[in-house]
Structures are given as C-alpha cells and as structure tokens.
Amino acid sequence: GDSVTQMEGPVTLSEEAFLTINCTYTATGYPSLFWYVQYPGEGLQLLLKATKADDKGSNKGFEATYRKETTSFHLEKGSVQVSDSAVYFCALSEGTGNQFYFGTGTSLTVIP
Amino acid sequence: GAVVSQHPSRVICKSGTSVKIECRSLDFQATTMFWYRQFPKQSLMLMATSNEGSKATYEQGVEKDKFLINHASLTLSTLTVTSAHPEDSSFYICSAIGENGQYFGPGTRLTVT
C-alpha cells in the first residue's frame, strides 16, 4: 500500500541555516506529493505540492522536487527564520478524491 | 481559496458524555469529506471517509458505533464521539474535496476528563 517515510526530528537550526527534511514515498500509482506545515495549536496548512515527476513545488522560500527515480520529495529552504518553527508533514495522495497518507512529521525549531 | 471550518476548535468534556464536531466547507460543495485523528507528536491517521447521502466508510480498527459520522449536506459533515473516554482525547481534523483539491480544516482539540 501507499506510505510516506519522513526524516525523524526534532530538528534544531540557527537562524539563516540551510534546511533539508527528507521524505520518501511508496505508491501503487502516480501520486501527487505535498508538504504541509502545522504551527503550534493550529491545523494543517498546505505549504507546497507537486503533481508529477520532476515538478518543483515552491512557496515562502521552501522548495521540493518530485523525484520519481528516487521516490523522494525532500523539503529545502536556503535560509530559515524563527517564524519557520513548526511541524512539517510530507504527504501523498493518489487522486483529488482520495485520502492522504502522511509521514510522521518533523518538528523544526529555529533559534535566533 | 477554498475554506474548511471546524467547530468547536477546542472542547473539554467529562468521561461518558458525547461530543459533536462539525466540519463545514464554506465556499464550495463537498460530496466527500475525510476525518483524521492526530495523537500528540504523531502523524494524522485516517478514521473514516464521509460521503454525502450515504454511510461513512471506516478504516480498520475505528469503532463506527463510537465515532458516528453524518454527512447531512454537501457542506456539512459531523463527527460525534459517543461515551467519550480520556483515551479519546486527541486532535481531530477534517478535510473536504473541492474542485481543485483537498482542503483541511483547522482541527478540533478534544480533551476528555
């Protein structure tokens, strides 16, 4: 079945450091891939997505490229800020009307 | 963009009572909604798929008589936790399928004392 494996945290970085959160997936078909962010006490917010191989999703300085050959969708940001402190979830869905499969989430703390 | 709301955002109830959580699609119609549960510091796990006008489909291990789901209209699905116990304390999140994708609600934190 479908699944998502995500880098375990927690991750602590200094402000302006480079961020990578690894995500790999297993899917039976051709899924869309997503990164969601959850700030403390809040729900999920879509950060970025990619719907097919080699697509790059980007938003707020974050990027992730859909790599079919390595079944990966790693999240990167060149220079993190304190406000980026949150939990990040990698997810996949096999179609618009289908359920999401989430990774376990990676907690990021950025210190000044 | 599409918005999904949940009510209440937080609820505290006593053990043995029932709690209803609403999930609404505010500016679109959703024939399908999903209910997820998130345990502390863990990922979201799908509980059930809610389809307007028909019975919900529950994931394995989820008690349908305990977690009652009613998708009464194209903009509203409700999750009722019956005879709640402390182990039901969790963060419940719904999502709704719109034209351009799936949209998540902000979640409801349930605490059972």
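Sequence lines set the chain letters: A, B, ... in the order given, protein chains first and strands last, and positions in each chain run from 1. None of the values given here were measured: they were computed from a predicted structure. In what follows, every heavy atom counts, from backbone to side chain, and hydrogens, waters and symmetry copies are set aside.
Taking the six-membered ring where the residue is Trp, the centroids of A/Phe102 and B/Phe104 are separated by under 6.0 Å.
At a 4.5 Å heavy-atom cutoff, the contact between A/Tyr36 and chain B is made by side-chain atoms alone. Of the two parts of B/Leu46, only the side chain, counted from C-beta on, holds a non-hydrogen atom closer than 4.5 Å to a non-hydrogen atom of chain A. For a residue to count as touching a neighbouring chain, one of its non-hydrogen atoms must lie under 4.5 Å from one of that chain's; by this rule A/Phe89 touches chain B with the side chain only.
A distance-only check finds a donor-acceptor pair linking the side chain of B/Tyr36 to the backbone of A/Phe100 [under 3.5 Å]. A donor-acceptor pair is defined here as one N or O able to donate and one able to accept, closer than 3.5 Å; such a pair exists between the side chain of B/Ser43 and the backbone of A/Gly103.
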> What's the verdict on side-chain contact (heavy atoms from CB on, under 4.5 Å) for B/Gln102 and A/Gln99, showing C-alpha distance, side-chain angles and the deciding distance?
Replying inline: CA-CA 9 Å; B/Gln102 187 167 155; A/Gln99 69 173 89; 5.9 Å; no
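Between the side chains of A/Gln38 and B/Gln38, at least one donor-acceptor pair of N or O atoms lies under 3.5 Å.
The environment of OH in A/Tyr39 is crowded: more than 12 heavy-atom neighbours from other residues, nucleotides or ligands sit within 6.0 Å. More than 12 heavy atoms of other residues, nucleotides or ligands shown are found within 6.0 angstrom of NZ on B/Lys66. Heavy atoms of other residues, nucleotides or ligands lying less than 6.0 angstrom from CE of A/Met7 number more than 12. Annotation: A/Gln45, atom CD; neighbour count of heavy atoms from other residues, nucleotides and ligands within 6.0 Å is above 12. Other residues, nucleotides and ligands contribute only 12 or fewer heavy atoms inside 6.0 Å of the CD atom of A/Glu16. Annotation for B/His7: atom NE2 does not count as buried by contact number, only 12 or fewer foreign heavy atoms lying within 6.0 Å.
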